[in-house]
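A quick write-up on the structure given underneath.
Values in this document were obtained by computation on a predicted structure and should not be read as measured data. In what follows, chains are A, B, ... by sequence order, proteins preceding strands, each numbered from 1.
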Amino acid sequence: MTLDSKIPEGKLEDKWRNYQVKSQLINPANKKKLNIIIVGSGLSGAGAASTLAELGYDVKCFCYQDSARRAHSVAAQGGINAAKNYQHDGDSVYRMFYDTLKGGDFRSREANTYRLAELSAPLIDHFVQQGVPFAREYGGTLVNRSFGGVQVQRTFYARGQTGQQLLLAAYSQLYKMVRAKKVEMFPRSEMLDLVVIDGKAKGIIVRDLVTGKLKRFAADAVVLATGGYSRVFRLSTLAIGCNGSALWKAHKKGALFGAPSFTQIHPTALPQSSEAQSKLTLMSESLRNDGRIWVPKQKGDSRKANDIPEEERDYYLERRYPSFGNLAPRDIASRAAKERIDAGFGVGRLKNAVYLDFRHAIEKFGLETIKDRYGNLFTMYKKITGIDAYKEPMQISPAAHFSMGGLWVDYELMTTIPGLYAVGECNFSDHGANRLGANSLLQASVDGYFILPNTINNYLASEIKTDHPTTDHLEFEKAEKETKAHIERILAINGTKTVDHFHRKLGKVMWQECAMSRNKSGLEKAITQIKTIRDQFWSDVKVTGHDKEMNTELEKALRLADFIELGILMCTDALEREESCGAHFREEYQTEDGEAVRVDKDYSYVSAWEYDNGDFKLHKETLEFEFVKPSVRSYK
Amino acid sequence: MRVTFKIWRQEGPDDKGVIRAYEVDGLSEDMSFLEALDHLNELLVLKNEKVVAFEYDCREGICGQCGVFINGRAHGPHDNITTCQLHMRSFNDGDTIIVEPWRAASFPVIKDLVVDRSSLDRIIEHGAFISAKTGTAPEANAIPIPKDVSDRAMDAAACIGCGACVATCKNSSAALFTSAKINHLNTLPQGKAEEHKRVAEMTFQMEIEGFGSCTFTGACEVECPEGISIINIAEMNARVVKSKLLR
């Protein structure tokens, strides 16, 4: 299989325009005849659904939550990047493109990354128009702050609730189109299979989570906007319901999976406190604008943080990376924390955390300013831990967060199955091996609002002439039957262990061997272990209740069955890539002082895996760097 | 730590429902309240019983999906938090904890502690948006919005749509929810064009959905996880008549 990324010709800054000029159009009368299914109602899903509906398509949008407004985009805190250069600090589209490409350690396409930066400025205009209450100066202009991996201020924000505000704007627009009867919304509905007819994506099988009924939906194109899969680690910053099942079903039906092992570990989450914990709450990266990260210089120091004098504190990020300091990118900040914790300098009850300290910021700017900037984050911290972070430093720890990997897509965001698109976090496109802070909301929005509505025509133009699919087609019959059998098989096991028991086991293996640092023997061992967990799951899991009712245990079991298989692929991918790049750190490939060593001559490609009857076959999309020469990524 | 949960169990919308008691041991103070329910569910599975259906997603207080009545209060014993932010350290060893779903005619019970809040989505559907199509936006800094105006809009916009305001209100009124959304959009210059239409249609839909009237007791403000002020309700009420004249 040759992977055609369909990058348009021309200079970097002309490519998107060149694409738009040449792509096919569909007249409004014909758009009405075309149906599009969108799975997911987050920023990318709701953005795409409302915009496609405005253009005249008939849209059906599905989400597993009780309302579209719950989608996990809601939880993004710190902000959204845009190359507006409002701060007059030398920002530009090119600089943002370069920061993003470098941030991803040169493992993404130039053309995609440039387009992301190019469309960032109009996106801010768009969200302001929709009523997002971004932070403002007294005079009324928009404010910016910094995020990791950059030296300009290009992040727009709405307190510590930027994701919520953007999502609510998208949700509002979605319901505007529901009212216009152009979008039909299906909450509490989970996609359990993709239907492919004659090689093209033509529909989905959905489980109604209230009645348990399996339903068939046909369409001329299917868009997945299902978010990230870091819940494979079980403990993560993600919502509990986030899952990789839609991606996995698509993968099994022929969509290649791009760079599955590229997952980001976020440096500033709340540390794990017990086995029973279900979630690691994120503390926004924006806190690193003013907070300073440190550990005691003395190993196992048992004094309280405020009793440790200044000269006995090791501000290790400032020490190791003087030019970026506390705003080093996430992969680097996480590894540096892990290094200190592993070396015995960790703090907190379980010695698994580092301090994030605001004392200097409060002294310098005053309590009120810090409250205005991060008030809700401090409140959240106090609600969860009971600690007042205005008085003593926060304790933070790395946690599984974002998946850069996802379904492989071309420049049009189409997967290797014609008619199947992937937008937002569920695709592999713009972030390479590491995503910069505040680029996630950006990518999700740009994919949904601006890119997909321009590229989907190119495929649908030819679909007008073909017959519209109907749900009585044999392939629908087959997919529904298989889904039903899969559910019955799980319910029939009636073993002795809970679903969470297996998820905890999977999470431990993944966190140990496939998270912040990886090595050959560990990954090989992990694959064997996960296969054992898979076999045990299928012989010993216990799910009570039945399938014709709301059954949250069954939902969890179905998701975990897919996570287990995905875990094997992630380890396979990490094993294959014998280099360190971005979030993928192979212990065998590092400098003497612990920095990543990239091997461009052998690994300058995107790995794209084909599902092959339980095994995986590697395809490669070579990354051509036409405009930028990949350099050693340094933040020192 | 050991507690007794007394939990509302109801198979489906047509089932009568009953409170059942469950003794749960092996809890720790650091566990969140929802993790304690997770723990209970694992025990139930091992005893071959059906799990308690309850709602959650983000578990960090922002998605608004979780929400139950705990010992007679929406989201539990503290003011202004979500159920997922409640921890077992707020209870004592040996406590009995009564857990019930949101009670409101507009939130019918689906199963156990899960209720249907789609009535709130339908209020949003009736005007909680700015009618502008993707691709038509002017430059973001073209209209300056003073910080205090933007901050006021943000205060109202923070609503997470959990429904605690409705559940705690003796009239099951959705006035805080509806007024917060109205004031978020009506405060901003972008939302002015449709301000009267928005107030008229959203408040009308609120009545259609069967939510009660507001008698301004302020109970909602105490339970709202975002601390949204009842001033929003006063502003909405002041605009309702005007909106009917000017829409």
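Between A:M550 and B:I110, the shortest heavy-atom contact is CE-CG2, 4.0 Å. The heavy-atom pair separating B:I160 from A:R70 by the smallest distance is O-NH1, 3.2 Å. Of all heavy-atom pairs between A:Q161 and B:A158, the closest is NE2-CB, 3.7 Å. Between A:P133 and B:H184, the shortest heavy-atom contact is CD-NE2, 3.8 Å. Heavy atoms only, all atoms of each residue included: B:T134 and A:E54 are closest at N-OE1, 2.9 Å.
The part of A:T385 that comes within reach of chain B is its backbone (N, CA, C, O), which places non-hydrogen atoms under 4.5 angstrom from that chain. For chain B, no part of A:F156 is nearby; none of its heavy atoms comes within less than 4.5 Å. With a threshold of 4.5 angstrom between heavy atoms, B:M31 approaches chain A through side-chain atoms but not through N, CA, C or O. Heavy-atom distances place the side chain of A:R349, and not its backbone, under 4.5 Å from chain B. Using a 4.5 Å cut-off between heavy atoms, B:D155 touches chain A through backbone and side chain atoms alike. Contacts between B:S118 and chain A at a heavy-atom distance below 4.5 Å are absent for every atom of the residue. For chain B, the nearby parts of A:Q65 are the backbone and the side chain; heavy atoms of each come within less than 4.5 Å. There is no contact between B:P13 and chain A, counting heavy-atom distances below 4.5 Å. Contacts of A:Q165 with chain B are made by side-chain atoms alone, with heavy-atom separations under 4.5 Å and no backbone atom involved. The part of B:K111 that comes within reach of chain A is its side chain, from C-beta onward, which places non-hydrogen atoms under 4.5 angstrom from that chain. If you measure heavy-atom distances from A:H126 to chain B, the contacts under 4.5 Å come from both the backbone and the side chain. Within the 4.5 angstrom heavy-atom criterion, atoms from both the backbone and the side chain of B:T136 approach chain A. Residue A:F127: no heavy atom, backbone or side chain, is found under 4.5 Å from chain B. Only the side chain of A:L168 comes within contact range of chain B, judged by heavy atoms closer than 4.5 Å. For chain A, the nearby part of B:L188 is the side chain; its heavy atoms alone come within less than 4.5 Å. For A:T496, the part lying under 4.5 angstrom from a heavy atom of chain B is the backbone only.
Ranking A:T51, A:I124, A:I384, A:V132 against chain B, the residue ahead of the rest is A:I384, based on heavy-atom pairs under 4.5 Å. Chain B forms more heavy-atom pairs under 4.5 Å with one residue of A:L238, A:T552, A:V178, A:V143 than with any other, namely A:V178. Between chain B and the residues A:V499, A:D500, A:T379, A:N494, the most heavy-atom pairs under 4.5 angstrom are made by A:D500. Note: B:L46 leads B:L185, B:L46, B:D112 in heavy-atom pairs under 4.5 Å with chain A. Options A:G241, A:A276, A:A169 differ in how many heavy-atom pairs under 4.5 Å they form with chain B, and the most are formed by A:A276. No other option in A:V210, A:I240, A:V74, A:V128 has as many heavy-atom pairs under 4.5 Å with chain B as A:I240. Taking A:Q77, A:H72, A:K84, A:M185 one by one and counting their heavy-atom pairs under 4.5 Å with chain B, the maximum is reached by A:K84. Of all the listed residues (B:E49, B:R59, B:Q85), the one sharing the greatest number of non-hydrogen pairs under 4.5 Å with chain A is B:R59. In terms of heavy-atom pairs under 4.5 Å with chain A, the best-connected choice from B:A153, B:G191, B:G64 is B:G64. Between chain A and the options B:E55, B:H78, B:K181, B:M154, heavy-atom pairs under 4.5 Å are most frequent for B:M154. Here B:P138 is the residue among B:G61, B:P138, B:A128 with the most heavy-atom pairs under 4.5 Å with chain A.
In this structure, the side chains of A:S67 and B:R117 stay at 4.5 Å or more apart for every pair of heavy atoms. Between B:K147 and A:D372, some side-chain heavy-atom pair lies under the 4.5 Å cut-off. Counting heavy atoms from C-beta outward, A:L174 and B:F129 have side chains that stay 4.5 Å or more apart. Using a 4.5 Å heavy-atom threshold, the side chains of A:R188 and B:V114 count as touching. B:I145 places none of its side-chain heavy atoms less than 4.5 Å from the side chain of A:F134. In this structure, B:I130 and A:Q130 have side chains that are not in contact, with every pair of non-hydrogen atoms separated by 4.5 Å or more.
Within the model, atoms NZ of A:K383 and CD of B:E60 stand 12.0 Å from one another, a figure rounded to the nearest 0.5 Å. Interatomic distance, B:N141 CG to A:E137 CD, rounded to the nearest 0.5 Å: 9.5 Å. Atom CG of B:D30 and atom OG of A:S273 lie 4.5 Å apart (nearest 0.5 Å). Distance check, rounded to the nearest 0.5 Å: CZ of A:R69 to SG of B:C159 gives 5.0 Å. Between the NE2 atom in B:H39 and the OG atom in A:S278 there is a gap of 13.5 Å [rounded to 0.5 Å]. Once rounded to the nearest 0.5 Å, the distance linking CZ of A:R179 with CD of B:E125 reads 7.0 Å.
For A:L350, the CG atom counts as densely surrounded, since its 6.0 Å shell holds more than 12 non-hydrogen atoms of other residues, nucleotides or ligands. B:K133 NZ: 12 or fewer foreign heavy atoms inside a 6.0 Å radius. Atom OH of B:Y22 has more than 12 neighbouring heavy atoms from other residues, nucleotides or ligands inside a 6.0 Å radius. The number of heavy-atom neighbours closer than 6.0 Å to CZ of B:R89, taken from other residues, nucleotides and ligands shown, is above 12.
Between the side chain of A:E553 and the main chain of B:V45, no donor-acceptor pair closer than 3.5 Å is present.
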What verdict does the salt bridge (charged side-chain N to carboxylate O under 4.0 Å, His left out) test give for B:E42 and A:R504, after you've listed the backbone C-alpha separation in whole Å, the side-chain angles of each residue and the deciding distance to 0.1 Å? CA-CA 13 Å; B:E42 285 202 70; A:R504 279 190 288 266; 3.0 Å; yes
Please report the C-alpha distance between A:K279 and B:D57 in whole Å, then the side-chain angles of each, then the deciding distance to 0.1 Å, and finally whether the salt bridge (charged side-chain N to carboxylate O under 4.0 Å, His left out) criterion is met. CA-CA 10 Å; A:K279 154 98 191 182; B:D57 204 26; over 6 Å; no
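A donor-acceptor contact under 3.5 angstrom links the side chains of B:N48 and A:K542, judged on distance only.
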